[in-house]
Amino acid sequence: MKVLLFGITREITGQSRINVPEHAGINTVKALKGWLGQQYPALRSLSSLAVAVDSEYAQDEDTLTPEQEIALIPPVSGG
Amino acid sequence: MKVLLFGITREITGQSRINVPEHAGINTVKALKGWLGQQYPALRSLSSLAVAVDSEYAQDEDTLTPEQEIALIPPVSGG
Amino acid sequence: MLIKIVEHIDLNEAYAYLQSPEAGAVNLFVGTVRNHSKGKDVVRLDFEAYDAMAIRQMEHIANEAFDKWPLVKLAIVHAVGAKDPGTPVVVIGVSSAHRDASFEACRFLIDELKKTVPIWKKEFYEDNSVWVNAHP
Amino acid sequence: MLIKIVEHIDLNEAYAYLQSPEAGAVNLFVGTVRNHSKGKDVVRLDFEAYDAMAIRQMEHIANEAFDKWPLVKLAIVHAVGAKDPGTPVVVIGVSSAHRDASFEACRFLIDELKKTVPIWKKEFYEDNSVWVNAHP
């Protein structure tokens, strides 16, 4: 599973795309957030951190599959 | 005393400027409106009719003098 | 403030005037000629202004807006003459640090302009014409 | 609707798109780079977007606006990249028959854009830089 990164999450991780290893067994939004928070503790200090699946905001309980386009969405500040 | 006319008041009177004869003895806004209403009864059918003195809206009891720039202001519809 | 009566509205001129490094927000309202009014097809509009008084009254509402909101710059430009449907006839623009002030002041200015500024609009339909608002 | 992410904002393009003989009112909001933020001098801003999702989320709020108000046309254009103070970074425009709808929809769209559209702004001061809103 691949996760796209933007803005401060790209800076925190030093990557614009993270590969989540299959053996990590991540299959929900909540599990993904937990795993990323362990790998990159600085992510936990953000005001908020959402996950998008195929360009839509996802909920913690939503399931994730490798075919989806998954992205981390730190607090937005456009406009 | 001269009175400037715009929009529908210019069309009703057929003039863009009316000379109020001195012998009419007009010296207030109210008297001017009354005199004009007699000369041009169609003015009485308007939704409203204001008088401006030197580019400011005037009140019925305000006095008028020949040196002022006096104008009739029918209902505005700009914008 | 940029306040004037013109033959043709130039949106860029208004925007260029309003733009400022101190402003984070610009709100622009453009009033345009609609092709229908009260169920009738409008083929043309004619605008006439009492220029000196119109400028003075625009200055009054501009000063009121500066008193009510923390504005950076403000523009009121109204066109006169014959206008076809789709043509802009008035542009009101306000810049401010934050967007609340620019939205509120712009709305205030167009509402007040329509009440007090001596400009008159004659609507031409296929078969006749009327001075808007003239009769009850 | 005109929805896109660009390098440079073109106000005329947005206005030309919104203009219509059926519309009597056009409201435009332009967000620009301010030269100060929370007491600090801003020397530059950098905007980054998750393009595909940003377009999708803009379409969602545009559809909501069309559902809520009787609109003629609607434009949302956001810039990305490095921007100097005074530069426009977003333009939102709405045309409608009467002005209530254009003012209200334009305000709704900029408020919603700031909440949900995945675009990020990094402010550069003389001595450091921050991603806006990132931390509590």
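Letters A, B, ... are given to chains in the order of the sequence lines, protein chains preceding strands, and every chain is numbered from 1. Because the structure is predicted, anything quoted here is derived from the model rather than measured.
C:T32 places a side-chain N or O within donor-acceptor distance of the main-chain N or O of D:A23, the cut-off being under 3.5 Å.
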Note to self: Evaluate C:L28 against D:V26 for side chain to side chain contact (heavy atoms under 4.5 Å, CB included), listing each step before the verdict.
What the structure shows: CA-CA 8 Å; C:L28 290 155; D:V26 179; over 6 Å; no
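With a 4.5 angstrom heavy-atom cutoff, C:T87 touches chain D only via backbone atoms. Heavy atoms closer than 4.5 Å to chain D are found nowhere in C:D84, neither backbone nor side chain. Contact of C:Q19 with chain D is made through the side chain alone, with heavy-atom distances under 4.5 Å.
Here D:I110 contributes atom CD1 and C:F103 contributes atom CZ; the two are 7.0 Å apart, rounded to the nearest 0.5 Å. If you take CG on D:N12 and CG on C:N12, they are separated by 4.0 Å, rounding to the nearest 0.5 Å.
In D:H8, the NE2 atom is not crowded: 12 or fewer heavy atoms of neighbouring residues, nucleotides or ligands sit closer than 6.0 Å.
When the candidates C:S95, C:G31, C:P88 are compared by the number of heavy-atom contacts under 4.5 Å with chain D, C:P88 comes out ahead. Most heavy-atom pairs under 4.5 Å with chain D: of the set C:P21, C:S37, C:S102, this distinction falls to C:P21.
Here the shortest heavy-atom pairing between D:F29 and C:R99 reads CE1-CB, 3.5 Å. Annotation for C:R34 and D:H98: closest pair NH2-CE1, 3.3 Å, computed over non-hydrogen atoms.
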